[in-house]
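What follows is a set of notes on a single structure, which appears directly below.
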Amino acid sequence: MIDDAPAPAGGRPGDWRALWAMRRYTRKYHGRLLAMGIFELAGICLTMGIPLLVQRLIDGPLKDGDFSGIVWLSLLMLAFALVDTVATAYVRWQQGHVGAGIEYDLRQDFYQHLLSLPAGFHSQRHSGELVTRFTDDIKSIRRFGNFGAVFFLVNSASYLVMIGVLLYLYWPLGLLVAVGLAPLLWFCYRFESRYGELEDEHQEQTEQLTSQVEESVTGVTLIKAFGQAGNRAKRFAATTGQLRRISIKQAKLIGGVLAAISLVPNLVLLAVLIAGAYAVAHDAITVGTLVAFTMLTLSFNWLLEVLGWILQLAREAATSSARLEQVFAVQASVRDGEQELTAVRGELRFDNVRFAYPDAHESVLRGVNLRIAPGETVALVGAPGSGKTTLTALVPRFFDVTGGSITIDGQDIRELTLSSLRRHVACTFEEPTLFSASIRENVTLGRPDATDDEIAEALATARVDFVESLEFGLDTRIGEQGIALSGGQRQRLALARAVLAKPRILVLDDPLSALDVHTEAAVEKALRSVLGGVTALLVARRPSTVALADRVALLHEGVIIAHGTHKELLATNAAYRNAMTTDAHLAPDQEPLEVK
Ligand SMILES: Nc1ncnc2c1ncn2[C@@H]1O[C@H](COP(=O)(O)OP(=O)(O)OP(=O)(O)O)[C@@H](O)[C@H]1O
Ligand SMILES: [Mg+2]
């Protein structure tokens, strides 16, 4: 769950407030919704008019044997029915239109919001949760928003009109109907609170299910390798089983309410018939009035059934609204600055930088001081988990420092617009992420306007040589429906992507980790020429990577404890020797892998 606070049982006012807030998505359609309401109301009034015509027919032309009167009244009834049909068709058509519009706007907003959220938000959550919100929840809001609310109002208005008509026809019977239907309100209230709880559980389980499927698909190799397919299947069966139980409970509840909703009016109808017959026998009303009364009471049944259905829609939409609002309520923690970063010299400075992850008790960085001169390359070394990746993520502002500051050419990066900052700072990540798209699209992510020559240059720099041998070259798709790449190939593509952006500042999180010795040497050579012109912070875990840098900074327990060359640090610093574990066999006086 994104928000773990338990909802209060019963009234669940938060859900309804959230649903009310969703009216911002119907604002555009108020005109259409109003028209729909009027048409629907007109339709219902016409339906109610038919019993009144029947009353006239029975008490007038039928009794008097007036044939032309019968024809006229019948034609009028036909006209009523036809107009009602047209009105209903119009309402359904508009319903589709409005629904599609609401769904579109809500999706757009939600997606935009997801993209604006801090990087940490997504790393802490299963994407399954968000997928369910994106699909199921938006749909249920659409179902209610496109007409449910209007229908509810129209429906309620129709009751009042109907009761009014009944009271007008013969008030004692009208009163009987009005009082007889009162228990239904209580049923509806009970239904609302119970169904709400079940709906919450239902959505939660659906989220879990989506997450499980997603994890199993992405981690299928792992599951097989550890022989966990059986266990996974059992877990899945438990979740689907739970979902089934909830669905059955919901169906039972709806069944019960529908039964009450149809039983009560039928009992009322029975009372109307008995009391009505008595009234006719004593000449208090005509037979026509009794028939009209009966027909009207019968059409109540239909209206009430619709009410049950609307209540269910409303309840689902309220739960879904609350779930979407929880995500909407998460603010982008990184605020856009106002100054454009132009003409960068490239001095990158960390001044007493502190950082703690949101919700974490301990700080990862506790006062990092580091100055990287324009054009200089600094290798950042530290034990696993010491905060190297964290420090690199602060430069493009995936997170903001919680203390101290980071400056580029003396300007605090929080004052800069994110777009200009990220144009001048390019990154690669520990796990190179590639989209299911063509190689071209993947490489030009930061610069969609790059020419083929520029792309070729970047690919050559990153030693992405395998593209030439592919049948479709740059247009070959990667990932789903495309070719699979090895770890090293992915890393080189990610490097080409960063290089293509021609940044002044490069932040590379261990760019050579997945390369074999042979390719590593080749990429290093290329990197060396790239690094020559830019300011670079390079997370390094191997001496060969360190060799690319002008200077090494050692991160330990949240601070930079030492600077120097690889050789100096190896000779003087035990923490450094530890961090360079993979090459611990290198003696202090031995040079790291030399690349010329
Ligand atoms: N999104 C996150 N939320 C909370 N804590 C995090 C998050 N990412 C990392 N951490 C914590 O911050 C600390 C530093 O992690 P970081 O990934 O920066 O280390 P690292 O030096 O890059 O390690 P490695 O060499 O293994 O890549 C770790 O203790 C980790 O548990
Ligand atoms: Mg890391």
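Side chains included, hydrogens not; waters and symmetry mates left out as well; all remaining heavy atoms used. A quick note: this is a predicted structure, and the numbers were derived from the prediction, not measured. In what follows, residues are counted from 1 in the order of the sequence shown.
Qualifying ring pair (Phe, Tyr, Trp, His ring centres under 6.0 Å) partners for Phe110, counting only residues two or more places apart in sequence or in other chains: Phe134, Phe328. Under the rule for a side-chain hydrogen bond (donor to acceptor under 3.5 Å, both in side chains), the partners of Thr132 that lie at least two apart in sequence or sit in another chain are Thr210. For Thr389, the side-chain hydrogen bond (donor to acceptor under 3.5 Å, both in side chains) partners are Glu430, Asp509, not counting sequence neighbours. Shown here are the side-chain contact (heavy atoms from CB on, under 4.5 Å) partners of Arg463, two or more places apart in sequence or in another chain: Arg492, Ala522, Val523, Lys525, Ala526.
Between Glu347 and Arg371, at least one side-chain N (NZ, or NE/NH1/NH2) sits under 4.0 Å from a carboxylate O, which counts as a salt bridge. Ion pairing between Arg440 and Asp452 holds under the 4.0 Å rule for side-chain N and carboxylate O. Salt bridge absent: Arg17 and Glu325 never bring a charged side-chain N and a carboxylate O closer than 4.0 Å.
The closest donor-acceptor contact from the side chain of Arg504 to the backbone of Arg345 lies under 3.5 Å.
Taking both residues in full, the closest heavy atoms of Leu555 and Leu380 are given as CB-CD1, 4.2 Å, listed atom of the first, atom of the second, then distance. The two residues Tyr25 and Asp109 have their closest heavy-atom pair at OH-OD2, 2.6 Å. Heavy-atom minimum distance, Ala575 versus Leu554: CB-CD2, 4.0 Å. Listed here is the closest heavy atom pair of Glu568 and Gly564: OE1-CA, 3.4 Å. In terms of heavy atoms, Ser420 sits closest to Leu341 at OG-N, 2.9 Å.
A donor and an acceptor atom, one from each side chain of Glu454 and Thr451, are located under 3.5 Å apart. There is a side-chain donor-acceptor pair under 3.5 Å between Gln228 and Asn231. A side-chain donor-acceptor contact under 3.5 Å links Glu441 and Ser438.
Put simply, CD1 on Ile246 and CD on Glu199 are 9.5 Å apart, with the number rounded to the nearest 0.5 Å. Residue Ile505 holds its CD1 atom at 5.0 Å from CG of Leu348, rounded to the nearest 0.5 Å.
Under the 6.0 Å cut-off for aromatic ring centres, His566 and Tyr576 qualify, their centroids lying closer than that.
Residue pairs meeting the salt bridge (charged side-chain N to carboxylate O under 4.0 Å, His left out) criterion with at least one partner in residues 330-339, sequence neighbours excluded, do not occur; the list is empty. Listed by first then second residue, pairs satisfying salt bridge (charged side-chain N to carboxylate O under 4.0 Å, His left out) with a partner in residues 555-565 number zero, not counting sequence neighbours.
The only member of Gln205, His202, Glu204 that meets side-chain contact (heavy atoms from CB on, under 4.5 Å) when paired with Gln242 is Gln205. With Arg323 as the fixed residue, the salt bridge (Lys or Arg N to Asp or Glu O under 4.0 Å) test singles out one of Asp15, Asp137, Asp136: Asp137.
At a threshold of 4.5 Å between non-hydrogen side-chain atoms, the residues Leu324 and Ile138 count as touching.
Relative ring orientation between Tyr357 and Phe399 is described as perpendicular, the plane-to-plane angle rising above 60° on a 0-90° scale split at 30° and 60°.
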